[in-house]
Q: 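Got a structure for you, questions after.
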Amino acid sequence: MWLSKTSCFLPFIFRRSSCSFRVFCTASANQRSDQLLLVVGGGAAGVYASIHAKSLAPMLNVMVIEKGQLLSKVKISGGGRCNVTNGHFFEPLRLAENYPRGYRELKWSFFDVHGPQDTMNWFSNHGIQLKTEDDGRVFPVTDNSASIVDCLLNEARRLGVLLQTGKSVTNVSIIDDGQFFVKVEKRTANLVEKIKANYVLVCTGSSQQGYSIAAQLGHSIIDPMPSLFTFKISHESLPSLSGVSFPKVRAKLKLDHVKRNIPELTQVGPLLVTHWGLSGPVILRLSAWGARELFHSNYRGMLYVDFIPDINIEEVKKALFHHRDQLAKNKLNNSFPLQFSLPKRFWRLLVSEEGLDGDVPWATVSNSNLNSIALLLKQFPFKVAGKGQFKDEFVTAGGVPLSEISLNTMGSKKCRNLFFAGEVLNVDGITGGFNFQNAWTGGYIAGTTIGTLASSSQNASQLSSCTAPCSTSASNVSPLGTTI
């Protein structure tokens with residue numbers, strides 16, 4: 001049976017129970033070609049890529065399939081404000097240094113193509129005002145991630161990108177004509193879709209779905225494991241400091257099985273005490289750079305924290321002795337050198353840690369005790385007993401190796417017209433907007449590459465208008481409404 005060509009680019013659908021079938025028609029012939037880009041994953045990289053592909057090739061059919069909610073990470077990132085990118089690292093070499101996995105490969109031309117300034121310009125040009133905070137993090141001025149989510153989805157819909165949720169891609173294979181044959185399932189409705197696509201872009205983040213697709217099409221997978229997490233700390237008194245923060249500390253992570261020196265396992269930055277342990281940017285950076293080492297250490301080790309990194313230990317001792325001389329009658333718990341700028345609760349913990357009575361006057365404290373307090377201030381030992389979860393930005397190290405991808409196009413080196421972008425690749429950044437920038441850059445490169453390929457294809461054909469639903473058997477119909 002032959003069907004005239006229509007604008008139907010949605011797949012044929014059949015139910016397992018009844019095997020009923022339908023094809024939907026969506027637009028007129030002068031608006032669509034017979035080419036389809038299927039984007040697996042509706043996160044930042046997937047939606048951004050679909051917008052750029054569709055912008056370059058308006059006749060290209062673009063479908064995004066997301067098993068959960070569209071842009072779910074964008075919605076929750078930055079405490080619901082969305083940390084769009086980082087405004088302190090515009091130079092590609094310096095920017096790449098913020099990626100524990102990927103910095104060697106990304107430091108060349110990757111961010112030259114579409115860096116943080118390009119990302120900021122794109123959102124600004126689409127009506128989103130942005131602000132850069134003191135630490136470099138970029139947010140919408142609304143302080144509401146809905147501004148970013150709505151901007152992306154509205155632009156995708158305006159361009160005619162088809163967005164589908166609640167579905168998973170369970171199988172991708174190559175058929176005789178070089179196209180992809182894709183199986184999509186919606187288990188809640190006992191529904192199976194089969195789609196023929198010219199291009200497949202995998203943007204599934206750390207989902208097993210993406211790794212499975214990559215493996216089906218010949219790629220290897222570097223074992224995924226958590227990155228960007230907090231530390232659970234074994235210390236009886238630490239919970240009493242829950243909520244206390246330090247604007248700047250130096251933290252050094254030591255792991256028994258790591259014998260070589262890893263400079264990145266020492267970080268400087270803000271620290272936050274939680275009811276289960278330690279968090280804040282300095283801990284998140286350590287967790288990212290030490291992700292694999294921590295995993296192989298079963299998240300056990302020692303953390304040494306310098307709470308006053310800008311004052312050397314001899315100056316610390318001198319300040320303590322001077323304070324004792326000047327304020328000899330003051331109770332130990334009630335005062336300490338002002339230049340230390342410590343939270344009072346933490347000072348009292350130090351006093352207790354040294355086994356001293358906080359109600360005694362400073363005059364009674366021995367030189368030995370003060371030297372010990374100085375050492376604690378500069379090298380406080382914490383036993384790392386496990387990892388917590390950083391809910392704002394859960395990131396995974398591992399995925400498809402960058403050696404199997406052309407970063408100039410985001411195309412697979414193993415399978416023609418297969419592309420990857422975002423966290424599905426073995427790329428992860430530290431906290432501060434860097435993971436989203438990887439998504440924007442990869443999505444932009446993949447989308448523009450596919451858009452260019454589609455728009456220049458000599459085989460693109462015009463579709464005739466479709467005015468009513470078409471029906472036939474599932475065995476002899478292509479996604480475009482023609483017989484196979």
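A quick note: this is a predicted structure, and the numbers were derived from the prediction, not measured.
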Q: Indicate yes or no for a side-chain donor-acceptor contact from Ser287 to the backbone of Phe229 under 3.5 Å, with no hydrogens or angles considered.
A: yes

Q: Do Gln267 and Arg250 have side-chain heavy atoms sitting under 4.5 Å apart?
A: no

Q: I'd like to know if Lys107 and Glu91 make a salt bridge, using a cut-off of under 4.0 Å between side-chain N and carboxylate O.
A: no

Q: Looking at Tyr299, does the NZ or CZ of Lys387 lie under 6.0 angstrom from its six-membered ring centre and within 45 degrees of the ring axis?
A: yes

Q: More than 12 heavy atoms of other residues, nucleotides or ligands under 6.0 Å from NZ of Lys75: is that the case?
A: no

Q: I'd like to know if the side chain of Thr274 pairs up with that of Ser242 as donor and acceptor (distance under 3.5 Å, no hydrogens or angles considered).
A: no

Q: How are the rings of Tyr444 and His114 set to each other: parallel, tilted or perpendicular (split at 30° and 60°)?
A: parallel

Q: Side chains of Leu350 and Phe380, heavy atoms from C-beta outward: is any pair under 4.5 Å?
A: yes

Q: Do Thr119 and Gln437 get their side chains close enough for a donor-acceptor pair, meaning under 3.5 Å?
A: yes

Q: Given His323, which of Phe340, Phe336, Trp347, Trp362 fulfils the ring pair (Phe, Tyr, Trp, His ring centres under 6.0 Å) condition?
A: Trp362

Q: Tell me if the NZ atom of Lys331 is crowded by more than 12 foreign heavy atoms within 6.0 Å.
A: no

Q: How are the rings of Phe436 and Trp440 set relative to one another: parallel (under 30°), tilted (30 to 60°) or perpendicular (over 60°)?
A: parallel

Q: His296 vs His257 aromatic rings, parallel, tilted or perpendicular, using cut-offs 30° and 60°?
A: perpendicular

Q: Are Phe180 and Tyr199 close enough, and set up right, to give a ring pair (Phe, Tyr, Trp, His ring centres under 6.0 Å), and what steps lead you there?
A: CA-CA 7 Å; Phe180 297 96; Tyr199 311 95; 8.4 Å; no

Q: With a 3.5 Å distance limit and no angle check, can you tell me whether Glu423 reaches the backbone of Thr396 through a side-chain donor-acceptor pair?
A: yes

Q: Let me see the working for Tyr103 and Phe110 under ring pair (Phe, Tyr, Trp, His ring centres under 6.0 Å), right down to the final yes or no.
A: CA-CA 10 Å; Tyr103 67 96; Phe110 186 70; over 10 Å; no

Q: Please work out whether the ring planes of His219 and Phe420 are parallel, tilted or perpendicular, with thresholds of 30° and 60°.
A: perpendicular

Q: Salt-bridge test for Lys54 and Glu155: reply yes if a basic N is under 4.0 Å from a carboxylate O, no otherwise.
A: no

Q: Do the side-chain N and O atoms of Ser124 and Asn121 include a donor-acceptor pair separated by under 3.5 angstrom?
A: no

Q: Any donor and acceptor pair, going by atom type alone, linking the side chain of Ser55 with main-chain N or O of Ile51 inside 3.5 Å?
A: yes

Q: Rounded to the nearest 0.5 Å, what separation is found between the CG atom of Leu56 and the OG1 atom of Thr448?
A: 6.5 Å

Q: For the CG atom of Leu402 and the CD1 atom of Ile222, what is their distance to the nearest 0.5 Å?
A: 7.5 Å

Q: Indicate whether any N or O donor in one side chain lies under 3.5 Å from an N or O acceptor in the other, for Glu185 and Thr170.
A: yes

Q: With a 6.0 Å cut-off on ring centres, are Tyr48 and Trp122 close enough?
A: yes

Q: Please determine if Lys378 forms a cation-pi arrangement with Phe307, meaning its NZ or CZ atom is less than 6.0 Å from the six-membered ring centre and no more than 45° off the ring axis.
A: no

Q: Take atom CG of Asp256 as the centre, draw a 6.0 Å sphere, and report whether it contains more than 12 heavy atoms from other residues, nucleotides or ligands.
A: no

Q: Taking atom CZ of Arg345 as the centre, report whether more than 12 heavy atoms of other residues, nucleotides or ligands fall under 6.0 Å from it.
A: yes

Q: Would the number of heavy atoms belonging to other residues, nucleotides or ligands and lying under 6.0 Å from NZ of Lys344 be above 12?
A: no

